[in-house]
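To start, the structure itself, in structure tokens.
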There are 2 protein chains.
Amino acid sequence: MDRIDRKLLNLLQHDASRTNANLADEVGLSPSSCLRRIRRLRQAGVIDRIAAILNPAKAGRTLRAVVTVELRLHGEPNTRQFLDSAVREDAVAQAHAVTGDVDAVLMLRLRDMEEYDALCHRLFQDRTNVARYWTMMVIRTAKDETAIPL
Amino acid sequence: MDRIDRKLLNLLQHDASRTNANLADEVGLSPSSCLRRIRRLRQAGVIDRIAAILNPAKAGRTLRAVVTVELRLHGEPNTRQFLDSAVREDAVAQAHAVTGDVDAVLMLRLRDMEEYDALCHRLFQDRTNVARYWTMMVIRTAKDETAIPL
DNA sequence: CGCCTCCGTGCATTTTTATTGCATACTGGA
DNA sequence: TCCAGTATGCAATAAAAATGCACGGAGGCG
């Protein structure tokens, strides 16, 4: 994992559709060497996958929200059970168990408030283990980065 | 944006390294038609980009945190100013202005607590506009999805 | 200090994949 | 029903990726 690998990863994190020859040129390697490095990085699992990133607006999921959740019963098995139910929801983009005043944080991607309403019923109400939850609707996203700085 | 487009997008969101012929076969189209659809989706901006998704553990950023921030001076220009400073930080993966008790939410990707400490000094202390902030360290991530369900 | 091995590199070639031209089939509107 | 616009499949071409092979530098060891 030298300087060239890092440079390659940075380029690929922002645009993985570039040709190998193009990348090779930019990092100062021959195409074959460059390709072999990329393949090595994939096999080592440093590169988890190559994915298409959609424009949320054009995919019809413009509404985002951050929800913090306090459970009635805390501790490992309860937290796990709650997260399992959250993971199954399409609108839940991220689900984390966290330290602090609450037990979990969810990041939602919603079509509209109707979907939000329905989701709240399923995850937070009636016979769920949720004591309270706080919803922060996203007004504006200033940064949303999939790349990990190296 | 018909059923085939959605199917293509779902496949590409999870693995954009597949060959066109392979995709075409799976959605039941000829390679050329399939390719033209994908190109159309890219030009229309539905597909924002193709990106390599790294394994955070192997990229050396295993620590994650969610930070909620309350500003001293609220309102648009102040929030914007704070978010601008957050955006510049490598460790800040996401930065959102939100509704609710706080003004902003940050998602962090950190190397270690030392980096967290340094970041807090720069963003939250001294002459910043931050009144209070609450850090929720991520214990476990149950879901972390880049794909947008269609 | 020299030798040896291993790993990464570059070049040339082969194989695979993407792209394009063209004729045909389909779809929605008058 | 006809027409215009658009998508489709096939075949040919262009481009890119993958591979075999020989060379060269870094590090270990006598």
Side-chain angles (χ1 to χ4, degrees), chain A residues 1-62 90 111-112 145-150, chain B residues 1-62 111 145-150:
Chain A
M1 180 71 109
D2 59 5
R3 204 183 57 81
I4 295 182
D5 279 349
R6 271 189 292 277
K7 199 166 174 182
L8 271 176
L9 289 172
N10 272 327
L11 294 172
L12 289 172
Q13 284 192 101
H14 290 102
D15 182 5
S17 70
R18 309 175 56 164
T19 67
N20 179 50
N22 189 319
L23 281 170
D25 189 58
E26 181 141 350
V27 302
L29 244 59
S30 73
S32 58
S33 288
C34 183
L35 187 70
R36 272 185 278 250
R37 274 178 183 259
I38 294 170
R39 196 157 40 197
R40 183 169 49 73
L41 289 167
R42 281 188 85 169
Q43 287 199 322
V46 181
I47 297 176
D48 180 59
R49 66 187 195 280
I50 307 294
I53 307 296
L54 304 195
N55 179 333
K58 301 196 176 174
R61 295 250 178 188
T62 81
D90 276 353
R111 282 184 212 288
D112 47 41
E145 186 64 74
T146 56
I148 298 173
L150 296 175
Chain B
M1 182 69 112
D2 58 6
R3 205 182 56 84
I4 294 182
D5 278 350
R6 271 190 291 276
K7 199 166 174 182
L8 271 175
L9 288 172
N10 272 327
L11 293 171
L12 288 172
Q13 284 192 103
H14 290 102
D15 182 5
S17 70
R18 311 175 55 164
T19 66
N20 179 50
N22 189 318
L23 281 170
D25 189 56
E26 182 141 350
V27 301
L29 244 59
S30 73
S32 58
S33 287
C34 183
L35 187 70
R36 273 185 277 250
R37 274 177 183 261
I38 294 170
R39 194 156 43 194
R40 182 169 50 73
L41 289 167
R42 281 187 84 170
Q43 286 199 324
V46 181
I47 296 176
D48 181 57
R49 64 187 195 279
I50 307 293
I53 308 296
L54 303 195
N55 180 333
K58 300 195 175 172
R61 294 248 178 189
T62 143
R111 282 183 212 289
E145 186 64 73
T146 55
I148 298 173
L150 296 177

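Chain A is the first sequence line, chain B the second, and so forth, proteins listed ahead of strands; every chain is numbered from 1.
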key: Rounded (10°) bend between the five-pair end axes of the helix from C/dC1-D/dG30 to C/dA30-D/dT1   = 40°

query = To the nearest Å, how far apart are A/Arg40 CZ and C/dT9 C1'?
reply = 12 Å

request  = Not counting sequence neighbours, which residues clear salt bridge (charged side-chain N to carboxylate O under 4.0 Å, His left out) with A/Arg61? List them please.
outcome  = A/Glu115

inquiry  = Whether the side chain of B/Ser32 and the base of D/dG9 hold a donor-acceptor pair under 3.5 Å is what I'd like checked.
reply    = yes

query = What closest approach, in Å, do A/Ala16 and B/Ala52 show between heavy atoms, and which atom pair accounts for it?
reply = CB-N, 3.7 Å

request  = Would you list the pairs meeting salt bridge (charged side-chain N to carboxylate O under 4.0 Å, His left out) in which at least one residue belongs to residues 50-60 of chain A, sequence neighbours left out?
outcome  = none

task = Decide yes or no for A/Val27 and A/Arg37: does some side-chain heavy atom of the first lie under 4.5 Å from some side-chain heavy atom of the second?
result = no

remark   = Here the residues of residues 44-55 of chain B within 4.0 Å heavy-atom distance, strictly under, of DNA chain C are none

key: Residues in contact with DNA chain C, drawn from residues 1-30 of chain A - heavy-atom cutoff 4.0 Å   = A/Leu29, A/Ser30

query = Going by the side chain to side chain donor-acceptor pair (under 3.5 Å) test, which pairs reach into residues 42-53 of chain B, not counting sequence neighbours?
reply = A/Ser17-B/Arg42, A/Thr146-B/Arg49

query = With A/Arg111, which residues qualify under side chain to side chain donor-acceptor pair (under 3.5 Å), at least two apart?
reply = none

Among C/dT19, C/dG10, D/dT8, the nucleotide that comes nearest once only the side chain of A/Ser33 is considered = C/dG10

request  = Can you sort out the partners of A/Ser33 under side chain to side chain donor-acceptor pair (under 3.5 Å), two or more places apart, ordered by chain and number?
outcome  = A/Ser30

note = For A/Arg6, the salt bridge (charged side-chain N to carboxylate O under 4.0 Å, His left out) test, sequence neighbours excluded, returns none

key: Minimal non-hydrogen separation, A/Gly45 against B/Asn55, with atom names   = O-CB, 3.1 Å

request  = Applying salt bridge (charged side-chain N to carboxylate O under 4.0 Å, His left out), name anything that partners B/Arg18, two or more places apart in sequence or on another chain.
outcome  = B/Glu26

query = Between B/Leu23 and B/Ile38, does a side-chain contact (heavy atoms from CB on, under 4.5 Å) hold up when you go through it step by step?
reply = CA-CA 10 Å; B/Leu23 281 170; B/Ile38 294 170; 3.9 Å; yes

key: Protein-nucleotide distance (B/Arg37, atom CZ; C/dT19, atom C1'), rounded to Å   = 18 Å

Beyond-backbone contact of A/Leu54 with B/Ile47, side-chain heavy atoms, under 4.5 angstrom = yes

Distances for protein N or O near nucleotides 24-26 of chain D N or O, under 3.5 Å:
none

inquiry  = Just to verify, what does B/Arg40 make a salt bridge (charged side-chain N to carboxylate O under 4.0 Å, His left out) with, not counting sequence neighbours?
reply    = B/Asp5

Out of D/dG9, C/dT9, D/dT19, whichever nucleotide has its closest atom nearest the side chain of B/Arg36 = D/dG9

task = Quickly work out the A/Leu35 CG to C/dG8 P distance and round it to whole Å.
result = 14 Å

